[in-house]
Amino acid sequence: METDLRALAKVQKWYGPHSSTAAAWPVDTLNRAKGNTTVSVVLPAHNEESTVGDIVTAIRRDLVERAPLVDEVLVVDSRSTDATAERARETGARVVAQDEVLPHLPPLAGKGEALWKGLAASHGDVVVFVDADLRSFGAHYVSGLLGPLLTDPGIQFVKAAYERPYTGEDGVVRRGAGGRVTELVARPLLNMFWPELAGFAQPLGGEYAARRQALERVPFVTEYGVEFGLLVDLLQLVGLDAMAQVDLGHRTHTHQPIDALGRMAGQIMQTAWSRLERQGRVLAPASPAHTLLQFGLEGRADLVDVAVAERPPLASLVLEEDMA
Ligand SMILES: O=c1ccn([C@@H]2O[C@H](COP(=O)(O)OP(=O)(O)O)[C@@H](O)[C@H]2O)c(=O)[nH]1
Ligand SMILES: O=C(O)[C@@H](COP(=O)(O)O)O[C@H]1O[C@H](CO)[C@@H](O)[C@H](O)[C@H]1O
């Protein structure tokens with residue numbers, strides 16, 4: 001108990017100085033602070049033709065053309081079967097196909113793979129990740145996340161906070177009801193095992209920014225384990241005082257059905273287990289099963305696999321290639 005109270009005291013001390021709002025970071029201030037630092041915005045996109053174009057348009061209009069804050073807008077086409085790549089390209093993004101980045105490596109799947117490939121294919125000193133399914137995006141999402149990074153050399157990683165409404169199939173918006181896996185799985189797990197991270201209001205949110213140097217020194221969990229894995233691994237790498245949080249207001253996005261979130265929850269639990277083992281905090285004769293038997297309507301039952309893999313820190317690949 002003592003450890004937990006000490007960790008929570010650390011969070012309370014951390015929270016004030018490391019939390020801000022997007023309004024605290026006006027673009028002209030950031031342009032002056034940016035200096036020679038280059039910025040890439042990377043959007044992982046699987047079948048996001050209906051939303052990716054508006055997001056790219058807003059970034060380019062407000063943060064490339066009007067104010068040169070962003071140097072690169074990269075969309076990672078994550079095995080889309082719709083017109084995601086076309087919409088992204090015609091609105092001015094550079095587009096790479098996930099499986100065509102580092103093609104000599106065996107391809108892996110999911111969002112974490114898309115983000116790792118986006119890191120590999122981008123060039124900015126600072127990388128901002130933004131989901132491509134957002135319906136509430138504004139340029140302040142990017143400028144807010146960049147604020148602490150462009151003004152404080154001690155900050156390595158910035159995570160978005162926001163209110164997350166849930167819009168049901170009936171079109172009714174329910175305030176604070178979004179982030180279902182966050183509330184039911186990620187937040188309890190983090191408070192149980194990594195209470196120093198308890199101050200992050202939206203640990204699974206898809207909008208965050210970090211220095212390339214830090215991102216290239218941590219592994220990327222594939223599928224939907226990536227956000228959980230990055231938080232835990234970056235805490236270990238850079239420490240809580242090098243992490244910050246910016247409130248971007250509210251976030252609406254395309255919601256997945258509950259069975260998809262069940263699989264996401266499984267992937268996040270697998271990720272948490274892997275970090276507990278890696279940090280020597282659990283000793284188990286066998287790893288947990290990674291199959292999940294899900295039950296649908298009309299007696300449907302589907303056995304799915306919620307295993308996750310992980311990509312090594314990019315820096316380790318470059319080192320290997322240099323040595324080779
Ligand atoms: O294999 C995948 C799965 C997801 N995504 C993208 O990652 C972001 C978040 O995924 P999703 O919206 O499915 O997750 P949710 O926000 O519903 O948790 C979106 O831009 C997806 O298009 C991706 O690039 N590859
Ligand atoms: O936060 C969550 O619980 C999930 C699901 O959100 P909703 O319940 O559909 O609002 O959404 C996030 O989780 C994924 C896994 O980390 C991230 O990849 C997504 O970007 C994020 O939207």
Side-chain angles (χ1 to χ4, degrees), residues 41-56 74-85 87-88 93 95-99 101 107-119 121 128-137 141 159-169 173-190 200-208 220-232 248 250-272 306 308-309:
V41 178
V42 174
L43 299 97
H46 173 73
N47 288 349
E48 305 296 3
E49 65 180 5
S50 63
T51 46
V52 69
D54 289 348
I55 297 170
V56 171
L74 178 71
V75 169
V76 181
D77 179 7
S78 184
R79 300 178 178 172
S80 298
T81 54
D82 68 0
T84 291
R87 290 294 88 75
V95 180
V96 292
Q98 171 179 305
D99 294 334
V101 178
L108 295 179
K111 184 187 179 184
E113 173 74 351
L115 293 180
W116 191 75
K117 294 292 183 72
L119 181 64
V128 187
F129 290 122
V130 174
D131 280 2
D133 70 329
L134 299 177
R135 299 179 182 285
S136 59
F137 179 82
Y141 272 38
K159 186 89 185 181
Y162 17 54
E163 182 181 319
R164 295 185 64 182
Y166 178 81
T167 306
E169 286 171 9
V173 177
R174 295 167 178 82
R175 285 191 66 185
R180 290 161 291 170
V181 179
T182 294
E183 301 308 334
L184 296 172
V185 176
R187 195 182 311 285
L189 278 174
L190 290 172
F200 285 99
Q202 292 297 345
L204 298 190
E207 289 67 51
Y208 41 101
F220 274 54
V221 179
T222 58
E223 305 291 356
Y224 288 111
V226 59
E227 276 81 25
F228 195 95
L230 283 174
L231 267 185
V232 171
L248 304 180
H250 76 284
R251 177 199 198 235
T252 55
H253 69 124
T254 311
H255 299 294
Q256 296 189 69
I258 196 68
D259 61 319
L261 296 193
R263 295 188 287 277
M264 177 188 291
Q267 291 165 353
I268 288 166
M269 289 176 188
Q270 293 283 335
T271 304
V306 293
V308 292

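Order of appearance sets the numbers: ligands from 1, and atoms from 1 within every ligand.
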Hey, does the side chain of Ser78 reach the backbone of His46 with a donor-acceptor pair shorter than 3.5 angstrom? no
Of all protein heavy atoms, the one nearest atom 8 (O) of ligand 2 is Arg180 NE, 2.6 Å
Is the side chain of Asp77 donor-acceptor paired with the backbone N or O of Ala85 at a distance under 3.5 Å, no angle test? no
Assess Met264 for proximity to ligand 1: is some non-hydrogen atom of it under 4.0 Å away? yes
Which of the numbered atoms in ligand 1 are below 4.0 angstrom from a heavy atom of Glu48? 19 (C), 20 (O), 21 (C), 22 (O)
Checking a contact table here: which protein heavy atom is nearest atom 16 (O) of ligand 2, and how many Å away? Glu227 OE1, 2.9 Å
N/O of Val76 under 3.5 Å from N/O of ligand 1, yes or no? no
Would one find an N or O of Gly178, backbone or side chain, under 3.5 Å from an N or O of ligand 2? no
I need the single residue from Thr84, Thr81, Asp133 that forms a side-chain hydrogen bond (donor to acceptor under 3.5 Å, both in side chains) with Asn47. Which is it? Thr81
Is the contact between Lys111 and ligand 2 made by the side chain, the backbone, both, or neither, using heavy atoms and a 4.0 Å cut-off? side chain
Heteroatom proximity flag, His46 to ligand 1, N/O under 3.5 Å: yes
What are the atoms of ligand 2, with element, lying closer than 4.0 Å to any heavy atom of His255? 7 (P), 9 (O), 10 (O)
Could you tell me, atom by atom, which parts of ligand 1 come under 4.0 Å of a heavy atom of Ala45? 22 (O), 24 (O)
Atom 3 (C) of ligand 1: the protein heavy-atom neighbour that sits closest, reported with distance to 0.1 Å: Tyr224 OH, 3.5 Å
Identity and separation of the nearest protein heavy atom to atom 21 (C) of ligand 2: Leu204 O, 3.3 Å
Output the list of atoms in ligand 1 that are nearer than 4.0 Å to some heavy atom of Ser78, sorted by atom number. 1 (O), 2 (C), 23 (C), 24 (O), 25 (N)
Taking Lys117 for the side chain and Asp99 for the main chain, is one N or O donor matched with an acceptor at less than 3.5 Å? no
Indicate yes or no for a side-chain donor-acceptor contact from Thr222 to the backbone of Val308 under 3.5 Å, with no hydrogens or angles considered. no
Taking Gly229's backbone N and O only, do any of them form a donor-acceptor pair with Thr271's side chain (distance below 3.5 Å, no angle check)? no
Of all protein heavy atoms, the one nearest atom 6 (O) of ligand 2 is Arg164 NH2, 3.1 Å
Under a 4.0 Å N-O cut-off, is there an ion pair linking Asp131 with Lys111? yes
Within ligand 1, which atoms have a heavy atom of Thr254 less than 4.0 Å away? 17 (O)
Those atoms of ligand 1 less than 4.0 Å from some heavy atom in Ala114: 24 (O)
Ligand 1-proximal atoms of His253, by part, heavy-atom distance under 4.0 Å: side chain
Report the relative orientation of the aromatic rings in His255 and Tyr166; use parallel for angles under 30°, tilted for 30 to 60°, perpendicular for over 60°. tilted
So for His253 against ligand 2, with non-hydrogen atoms under 4.0 Å, the contacting part is side chain
Please confirm whether Tyr224 comes under 4.0 Å of ligand 2, counting heavy atoms of the residue only. yes
Numbering the atoms of ligand 2 from 1, which are under 4.0 Å from a heavy atom of Asp131? 19 (C), 20 (O), 22 (O)
State the atoms of ligand 2, each with its element, that fall below the 4.0 Å cut-off from a heavy-atom position in Gly206. 20 (O)
Return the residue, atom name and 0.1 Å-rounded distance of the protein heavy atom closest to atom 12 (O) of ligand 1. Asp133 OD2, 2.9 Å
Of all protein heavy atoms, the one nearest atom 22 (O) of ligand 2 is Arg251 NH1, 2.9 Å
Measure from the side-chain N and O atoms of Arg251 to the backbone N and O of Ala161, and report whether any donor-acceptor pair falls under 3.5 Å. no
Provide the number and element of each atom of ligand 1 under 4.0 Å from a heavy atom of Gln256. 11 (P), 13 (O), 14 (O), 15 (P), 17 (O), 18 (O)
For ligand 1, is Gly110 a contact, meaning one of its heavy atoms is under 4.0 Å away? yes
Heteroatom proximity flag, Val181 to ligand 2, N/O under 3.5 Å: yes
Please classify the Pro44 to ligand 1 contact at 4.0 Å (heavy-atom distances, strictly less than): side chain, backbone, both or neither. both
The protein heavy atom nearest to atom 2 (C) of ligand 2 is Thr182 OG1, 3.4 Å
